[in-house]
*Asks:* 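Next up is a structure, given as structure tokens.
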There are 2 protein chains.
Amino acid sequence: MRKKNQEKKENIKQAVIKLILEAGFHGASIAKIAREAGVSPATVYIYYASKDDMLREIYEEYADQVYFYILGKIDQNMSGRSLIDTLVRSYYRYINEEERVFHFVEQFSSCPSLSANCRETEGCFRIFQFFDDLKEKGILKDIDNVIVHSILFNTVKCIRLRYEGEQDKTQAALEQLIELLVETLLL
Amino acid sequence: MRKKNQEKKENIKQAVIKLILEAGFHGASIAKIAREAGVSPATVYIYYASKDDMLREIYEEYADQVYFYILGKIDQNMSGRSLIDTLVRSYYRYINEEERVFHFVEQFSSCPSLSANCRETEGCFRIFQFFDDLKEKGILKDIDNVIVHSILFNTVKCIRLRYEGEQDKTQAALEQLIELLVETLLL
DNA sequence: TTCTATAATAAATAAGCATTCACTTATAGT
DNA sequence: ACTATAAGTGAATGCTTATTTATTATAGAA
């Protein structure tokens, strides 16, 4: 019994993410994905039941990644300030390091017709749980997790998108954001 | 010389926005758009040079609308608190009232391959100018406009998406957000 | 080594796509 | 009422799409 070649599957995933970043969803056909991954179009169907299935599976694999990345940088003994500093800066670092994945996930989740059929993300649940812990410890103010999540991460995302490449402006904005969040979110 | 029927063009626009909300970009073909609008596929090409042109033109028409809507609700004599209250609540009302348009614009602008070719939005420029005015008047703290913009509007968007339909939770979150922003943004 | 299950593929298929074309219809100006 | 002009259309075009099929190559078990 011959085994599936996991390297081929990985190549397919990376091809999907690359092509969708470069040309959007309508620019990522099975034929192009297969060519980019160095396999035959039919091979894609050995690893995935359909194109929709493929996109959903890849999305679900990567959607949470950013949150696990961030939580991995957090230390239990950190002060409130360094927690916020770490959350903001590691989110920013993730966007830079995993630009393709980040854009793929963003694009996918902003399309109602695609993300409607996806399971709720585990990573987001974990982050909310983390916020709840901080509230119990008396570090974080009792603010709705949706609000905390948005002013923390969406703002970093906007800074990154707006000041793309402009190191000075980006760093200044991140520092200002951290100061602002320290005053706003911490007890 | 026969004139173009602007009602037909309007029908086409609405069909595009409706279909893209329901089925995403890949679900909005010229054939479907034409059927939805009650015209022939060929008629679309009387009003637009190509499909890409059409999408771009519709995007550029609506991308700014939310900002003009909000600025229209603002009064020169408003206090800092009622400014924030108005900004937050009118943004929320816009998403509710113009749900289709809002999702179309969101989806379009999160696709790099589409929005890359679009002109910078006038509406966003106007809002930034408005923030600058408030800073000069000593109402708003001297915070980067990208940050102000994001914590104001992205947070409202997240609340709306997360608590879709749940009136109580939504209202509570909006009120909490307004309190938080009053303390954070105002001098 | 042989057999077998399945990975892998090139080519075929059928549907859908954006766009064009040949043609009809409506209308504004004369 | 007539004519020129452009709106409007159904059908055709040629291409791309996701997916299937028939076939071959390969790896593990016997």
Side-chain angles (χ1 to χ4, degrees), chain A residues 1-60 104 107-108 111 113-118, chain B residues 1-60 104 107-108 111 113-118:
Chain A
M1 187 168 17
R2 198 173 161 190
K3 275 183 187 167
K4 285 184 190 176
N5 182 345
Q6 288 306 314
E7 197 187 314
K8 280 207 163 63
K9 189 169 187 179
E10 191 56 36
N11 288 346
I12 293 170
K13 280 186 212 166
Q14 294 309 316
V16 168
I17 290 168
K18 183 184 174 198
L19 284 173
I20 283 178
L21 173 62
E22 286 172 3
F25 278 100
H26 64 275
S29 67
I30 293 287
K32 286 181 193 165
I33 290 163
R35 203 175 311 129
E36 178 72 35
V39 301
S40 151
T43 304
V44 174
Y45 290 88
I46 292 168
Y47 294 90
Y48 300 102
S50 69
K51 192 187 177 184
D52 277 1
D53 245 58
M54 177 184 73
L55 292 176
R56 197 171 36 72
E57 193 180 312
I58 297 175
Y59 171 74
E60 289 184 351
F104 169 77
Q107 211 173 142
F108 193 97
C111 178
S113 65
L114 288 173
S115 57
N117 311 315
C118 289
Chain B
M1 189 171 10
R2 198 172 161 191
K3 277 182 186 167
K4 285 184 190 175
N5 182 346
Q6 287 307 314
E7 198 186 313
K8 280 207 164 66
K9 189 168 187 179
E10 191 56 36
N11 288 346
I12 293 169
K13 280 185 212 167
Q14 294 309 316
V16 168
I17 290 168
K18 183 183 174 198
L19 284 173
I20 283 178
L21 173 61
E22 286 171 4
F25 277 101
H26 65 276
S29 67
I30 293 287
K32 286 181 192 165
I33 290 163
R35 203 177 308 129
E36 178 73 35
V39 300
S40 152
T43 303
V44 175
Y45 289 87
I46 291 167
Y47 293 92
Y48 300 101
S50 70
K51 191 186 178 185
D52 278 0
D53 245 57
M54 178 183 72
L55 291 175
R56 198 172 33 74
E57 192 180 313
I58 297 175
Y59 171 74
E60 289 184 349
F104 169 78
Q107 212 173 140
F108 193 98
C111 178
S113 64
L114 287 173
S115 56
N117 311 315
C118 289

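The shown structure was predicted, so the numbers you read here are calculated from the model rather than taken from an experiment. Only heavy atoms go into these numbers, but all of them, side chains included; no hydrogens, no water, no symmetry mates. Just so it is clear: chains get the letters A, B, ... in the order the sequence lines come, proteins before strands, and each one is counted from 1.
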*Asks:* Do A/Lys32 and A/Glu36 have side chains that approach each other closer than 4.5 Å (heavy atoms only, starting at C-beta)?
*Replies:*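 The answer is no; the side chains never approach within 4.5 Å.
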*Asks:* Under a 3.5 Å distance rule, please check whether A/Tyr47 uses its side chain to pair with a backbone N or O of A/Asn5 as donor and acceptor.
*Replies:* yes
*Asks:* Atom CD1 of A/Ile33 and atom C1' of D/dA18: how far apart are they, to the nearest Å?
*Replies:*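 It is 11 Å, rounded to the nearest whole Å.
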*Asks:* Near DNA chain D, under 4.0 Å by heavy atom, which residues of residues 5-25 of chain B?
*Replies:* B/Asn5, B/Lys8
*Asks:* Is B/Ile20 close to B/Phe108 at the side-chain level, that is, under 4.5 Å between some pair of heavy atoms?
*Replies:*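 Contact flag for B/Phe108/B/Ile20 side chains = no.
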*Asks:* Using atom NE2 of B/His26 as one end and atom P of D/dA18 as the other, report the distance to the nearest whole Å.
*Replies:*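 Atom-to-atom, B/His26 to D/dA18, this comes out as 10 Å.
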*Asks:* Can you tell me if the side-chain N/O atoms of B/Tyr45 get under 4.0 Å from OP1 or OP2 in D/dT9?
*Replies:*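 No, B/Tyr45 has no side-chain N/O under 4.0 Å of OP1/OP2 on D/dT9.
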*Asks:* Suppose we call a contact any N or O donor and acceptor under 3.5 Å apart; does that hold for the side chain of B/Ser29 and the base of C/dG16?
*Replies:* no
*Asks:* In Å, rounded to the nearest 0.5 Å, how long is the span from CZ of B/Arg56 to CG of B/Asp52?
*Replies:*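 Atom-to-atom, B/Arg56:CZ and B/Asp52:CG are 8.0 Å apart.
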*Asks:* Any side-chain heavy atom of B/Arg35 within less than 4.5 Å of one from B/Leu19?
*Replies:* no
*Asks:* Quick check for you: to the nearest 0.5 Å, what is the distance between B/Ile33 atom CD1 and B/Thr43 atom OG1?
*Replies:*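 Reported to 0.5 Å precision, the distance equals 13.0 Å.
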*Asks:* I'd like to check A/Tyr48 versus A/Ile12 (side-chain heavy atoms, cut-off strictly below 4.5 Å). Are they in contact?
*Replies:* yes
*Asks:* Provide a list of protein-nucleic acid N or O atom pairs under 3.5 angstrom, restricted to nucleotides 21-26 of chain D.
*Replies:*
unit_1	atom_1	unit_2	atom_2	d
D/dT26	O4'	A/Arg2	NH1	3.4

*Asks:* Scan side-chain atoms only and decide if A/Gln6 and A/Glu10 contain a donor-acceptor pair under the 3.5 Å cut-off.
*Replies:* no
*Asks:* Which is more 5' along DNA chain C, the nucleotide nearest A/Ser40 or the one nearest B/Ile30? Just name the residue.
*Replies:*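 Residue closer to the 5' terminus by nearest nucleotide: A/Ser40.
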*Asks:* Quickly work out the B/Lys32 NZ to C/dG16 C1' distance and round it to whole Å.
*Replies:* 9 Å
*Asks:* Figure out the NZ/C1' separation between B/Lys4 and C/dT25, and round it to whole Å.
*Replies:*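 Whole-Å distance recorded here is 17 Å.
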*Asks:* In residues 50-59 of chain A, which ones come under 4.0 Å of DNA chain D, going by heavy atoms?
*Replies:*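 When residues 50-59 of chain A is checked for heavy atoms under 4.0 Å from DNA chain D, the hits, listed by number, are A/Ser50, A/Lys51.
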*Asks:* Once you apply a heavy-atom cut-off of 4.0 Å, does B/Tyr47 come out as touching a base, just sugar-phosphate, or nothing?
*Replies:*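 It contacts sugar-phosphate atoms only.
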*Asks:* How many Å lie between NZ on B/Lys3 and C1' on D/dA4, as a whole number?
*Replies:* 16 Å
*Asks:* Please name the pair of heavy atoms, one in B/Lys51 and one in B/Phe25, separated by the smallest distance, quoted to 0.1 Å.
*Replies:* NZ-O, 4.4 Å
*Asks:* Quick check on B/Glu7: does its CD atom have over 12 non-hydrogen neighbours (other residues, nucleotides or ligands) under 6.0 Å away?
*Replies:*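 No, the 6.0 Å shell around CD holds no more than 12 heavy atoms from other groups.
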*Asks:* Drop me the distance from B/Gln107's CD to B/Ser115's OG, to the nearest 0.5 angstrom.
*Replies:*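 The CD atom of B/Gln107 sits 12.0 Å away from the OG atom of B/Ser115.
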